[in-house]
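Worksheet: one structure, shown below.
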Amino acid sequence: MIDLRLLRTDPERVRASQRARGEDPTLVDALLSADEARRAAVSRFDALRGEQKLLGKQIPKAAGDDRAALLEQAKKLADDVKAAEAEQHEADAELKRLQLALSNVVVDGVPEGGEDDFVLLETVGTPRDFTADGFEPRDHVELGKLLGAIDLERGAKVGGARQYYLTGVGALLEIALMNMAMAQATKYGFTPMITPSLVKPEAMEGTGFLGQAAENVYHLADDDMYLVGTSEVALAGYHMDEILDAGKLPLRYAGYSSCYRREAGSYGKDTRGIIRVHQFEKVEMFSYVAPEDAEAEHQRLLEWEKEFITALEIPFRVIDVAAGDLGSSAARKFDCEAWIPTQGKYREVTSTSNCTEFQARRLQIRMRGAAGVQPLATLNGTLCAMPRMIVAILENHQNADGSVTVPPALRPYLGGREKLEPVTG
RNA sequence: GGAGGAUUUGCCUAGCGGCCGAAGGCGUUGGUCUUGAAAACCAAAGUGGCGAGAGCCACCGUGGGUUCGAAUCCCACAUCCUCCGCCA
């Protein structure tokens with residue numbers, strides 16, 4: 001949610017942000033006039049209400065004709081107050097509606113444009129040369145079948161398209177990754193959390209997923225509840241309506257939860273395998289920090305993501321996502337993309353967003369510090385999204401015989417296992 | 001699912017339709033006292049909005065209603081607790 005003071009003092013900056021995102025800059029002007037209308041309505045109501053209170057104090061003291069006259073006057077005033085209050089409510093609602101529709105103001109330096117206009121920040125590791133290794137790499141679907149790790153046919157039979165079973169070592173692999181991710185997060189002071197996947201509209205709205213992202217969110221109409229697409233929703237909602245002690249910041253949480261995505265509008269994309277699925281598990285990092293620390297925290301989250309992928313010995317690159325490809329809450333976003341050998345390209349495995357004070361304003365999360373009470377900044381970053389990380393591990397560490405070498409950093413979490421072997425029969 | 005009870009300012013609690021934004025205790029902060037601390041005493045201290053400011057207005061779980069006037073009366077909903085039924 002936009003800071004109305006910024007909107008009033010520097011509307012052009014907000015318009016520029018909207019243009020960079022490819023969104024409507026005139027929303028800014030609609031907001032400005034709604035803000036003005038609301039302030040006028042508030043003043044009217046305040047004045048009338050003050051008058052009513054004053055009058056009300058005289059009534060118990062008056063008697064006889066005086067009292068009757070006052071009552072008559074008060075009765076009339078009561079109608080005016082009621083009308084003014086209704087007008088104020090309307091003005092409030094209109095302003096709120098417009099405020100919720102406006103996306104976060106992007107950070108200076110974010111590349112303009114859409115999905116393809118990202119800026120490449122760095123490349124880590126080198127894609128493996130399978131020609132030199134003397135064999136044609138199998139894709140994760142094939143490997144998953146050989147290893148008895150992924151069952152897509154039965155996933156489709158039971159759950160439909162984009163559903164899967166992780167079986168045998170596949171299931172163990174996910175649990176190992178979860179443990180490895182939690183171990184790293186804990187090492188850096190994150191509090192491990194297992195969070196609700198089913199949340200109320202406020203949490204979903206507050207985190208900004210009911211705007212443009214709404215079509216990808218599962219809604220349970222009978223109960224008016226939502227299935228989260230990431231534990232970010234539950235972790236941001238955790239401190240909803242709270243005022244946090246600035247001295248206790250940063251607060252860092254590592255959430256593990258199921259994530260659900262409708263994947264509307266991605267028909268025909270990534271239909272093979274488990275790159276794009278309706279349900280998966282994820283370990284997500286989430287930070288509450290003072291606004292002035294947000295950019296530094298964003299860099300830290302990125303470093304922690306890089307550390308995790310590097311430990312798994314997967315080649316990847318880091319991109320600075322362009323404004324038009326940001327979620328509505330994000331002021332800046334960095335993606336880590338892992339090399340997928342059989343696709344011959346880098347694919348997103350983690351993503352970290354600086355939401356500045358945007359979500360905090362929507363969720364009414366503030367901090368109390370030397371400067372008084374003010375909104376704080378929230379940031380999130382993927383530590384490990386299971387299916388895609390499994391894809392990257394299987395494809396990058398496969399051997400000619402269909403086995404997969406377990407990267408040493410992961411072995412302790414797999415009972416010391418060094419290799420996943422094809423199952424026979 | 002059924003029957004009761006509860007929800008007040010950081011916490012615990014008091015609160016007659018008007019003098020209640022709300023008493024008291026605890027905790028917090030500042031001060032006095034003390035070599036220092038504790039204790040005691042004095043004082044300060046909610047959140048939001050409007051306004052240049054003095055100040056004004058809103059907020060007693062949420063939303064409605066009754067009334068000139070609601071923390072207080074009425075209705076609905078939410079959450080929590082207890083009991084019954086069902087169940088992982």
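In the text below, chain A, chain B and the rest are named by the order of the sequence lines, each starting its count at 1.
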Open item on the list: How many whole angstroms separate atom CZ of A:Phe45 from atom P of B:C57?
Closed with: 10 Å
Protein-nucleic acid N or O pairs under 3.5 Å, nucleotides 60-71 of chain B:
| residue | atom | partner | partner atom | Å |
| --- | --- | --- | --- | --- |
| B:U66 | OP2 | A:Lys82 | NZ | 3.4 |
| B:C68 | OP1 | A:Lys75 | NZ | 3.4 |

Task: B:G15 versus B:G51 - spacing of their P atoms, nearest Å - done: 40 Å
- [ ] Nearest whole angstrom, please: distance from the C1' of B:G48 to the CE of A:Met1.
- [x] 12 Å
Task: Complementary nucleotide for B:C16 - Watson-Crick or wobble, under 3.5 Å - done: none
TODO: Nearest-nucleotide wise, let me know which of A:Asp35 and A:Asp46 is further upstream toward the 5' end of RNA chain B.
DONE: A:Asp35
Open item on the list: Taking pairing as Watson-Crick or G-U wobble with both contacts under 3.5 Å, can you name the mate of B:A76, or confirm there isn't one?
Closed with: B:U62
Open item on the list: Would you measure the distance from the C1' atom in B:U8 across to the matching atom in B:U47 and give it in whole Å?
Closed with: 15 Å
Open item on the list: Assess whether a salt bridge exists between A:Lys75 and A:Asp79, defined as any Lys/Arg side-chain N lying under 4.0 Å from an Asp/Glu carboxylate O.
Closed with: no
Task: Whole-Å C1' distance, B:A22 and B:C16 - done: 14 Å
Open item on the list: Nearest whole Å is fine: how far is B:G10 P from A:Leu244 CG?
Closed with: 14 Å
Task: Within 6.0 Å of CD in A:Glu242, more than 12 heavy atoms from elsewhere - done: yes
- [ ] Could you measure between the two C1' atoms, the one in B:G25 and the one in B:U9, and give it in whole Å?
- [x] 14 Å
Task: side-chain N/O A:Arg38 vs B:G49 OP1/OP2, d < 4.0 Å - done: no
TODO: May I have the distance from A:Asp92 (atom CG) to B:C50 (atom C1'), rounded to whole angstrom?
DONE: 12 Å
- [ ] Spell out, as yes or no, whether a donor-acceptor pair under 3.5 Å connects the side chain of A:Asn179 to the backbone of A:Ala176.
- [x] no
Open item on the list: Counting only side-chain nitrogens and oxygens, does A:Arg44 get under 4.0 Å of the OP1 or OP2 atom of B:C50?
Closed with: no
Task: Length of the line joining A:Arg5:CZ and B:C50:P, which is rounded to integer Å - done: 9 Å
- [ ] Would you mind reading off the distance between A:Ile243 atom CD1 and B:G46 atom C1', rounded to a whole angstrom?
- [x] 8 Å
Open item on the list: Please confirm whether the shortest side-chain N or O distance from A:Arg368 to OP1 or OP2 of B:G10 is below 4.0 Å.
Closed with: no
Open item on the list: Between B:U7 and B:A71, how many Å separate the two C1' atoms, rounded to a whole number?
Closed with: 12 Å
Task: Distance between P atoms of B:U72 and B:G53 (Å, rounded) - done: 34 Å
Open item on the list: Ring-plane angle category for A:Tyr253 and A:Tyr288, please: parallel below 30°, perpendicular beyond 60°, tilted otherwise.
Closed with: perpendicular
Open item on the list: Side chains of A:Tyr188 and A:Glu307: any donor to acceptor distance under 3.5 Å?
Closed with: yes
Open item on the list: Under a 3.5 Å distance rule, please check whether A:Thr207 uses its side chain to pair with a backbone N or O of A:Ala203 as donor and acceptor.
Closed with: yes
- [ ] Quick one: look up who B:A44 pairs with, Watson-Crick or G-U, both distances under 3.5 Å, and put none if it's unpaired.
- [x] B:U28
Task: Nucleotide forming a Watson-Crick or wobble pair with B:U67, both distances under 3.5 Å - done: none
Task: Of A:Gln374 and A:Lys200, the one whose closest RNA chain B nucleotide lies more 5' - done: A:Gln374
- [ ] Rounded to the nearest angstrom, tell me the gap between atom CD in A:Glu51 and atom C1' in B:C56.
- [x] 13 Å
- [ ] Searching all strands shown, indicate the nucleotide that pairs with B:A38 (Watson-Crick or G-U wobble; both distances under 3.5 Å).
- [x] none
Task: Salt-bridge criterion met for A:Lys282 and A:Glu284 (N-O under 4.0 Å) - done: yes
TODO: Among B:G51, B:A58, B:U47, find the nucleotide with the atom closest to the side chain of A:Arg39.
DONE: B:G51
Open item on the list: Work out how far the C1' atom of B:G64 is from that of B:U28, and round it to whole angstrom.
Closed with: 38 Å
Task: Pairing nucleotide - B:G4, Watson-Crick or G-U, each distance under 3.5 Å - done: B:C81
- [ ] Answer with base, sugar-phosphate or nothing: what part of the nucleic acid does A:Lys76 contact at a heavy-atom distance below 4.0 Å?
- [x] nothing
Open item on the list: Side chains of A:Arg49 and A:Gln52 only: does a donor on one sit below 3.5 Å from an acceptor on the other?
Closed with: yes
Task: Partner nucleotide, any strand, of B:G55 [Watson-Crick/G-U, under 3.5 Å] - done: B:C50
Task: Separation of B:G46 C1' from A:Gln364 CD (nearest whole Å) - done: 15 Å
Open item on the list: So, applying side-chain contact (heavy atoms from CB on, under 4.5 Å) with A:Arg332, which one of A:Thr356, A:Asp320, A:Asp108 is it?
Closed with: A:Asp320
Open item on the list: Distance check, P atoms only: B:G10 and B:G48, in whole angstrom units.
Closed with: 12 Å
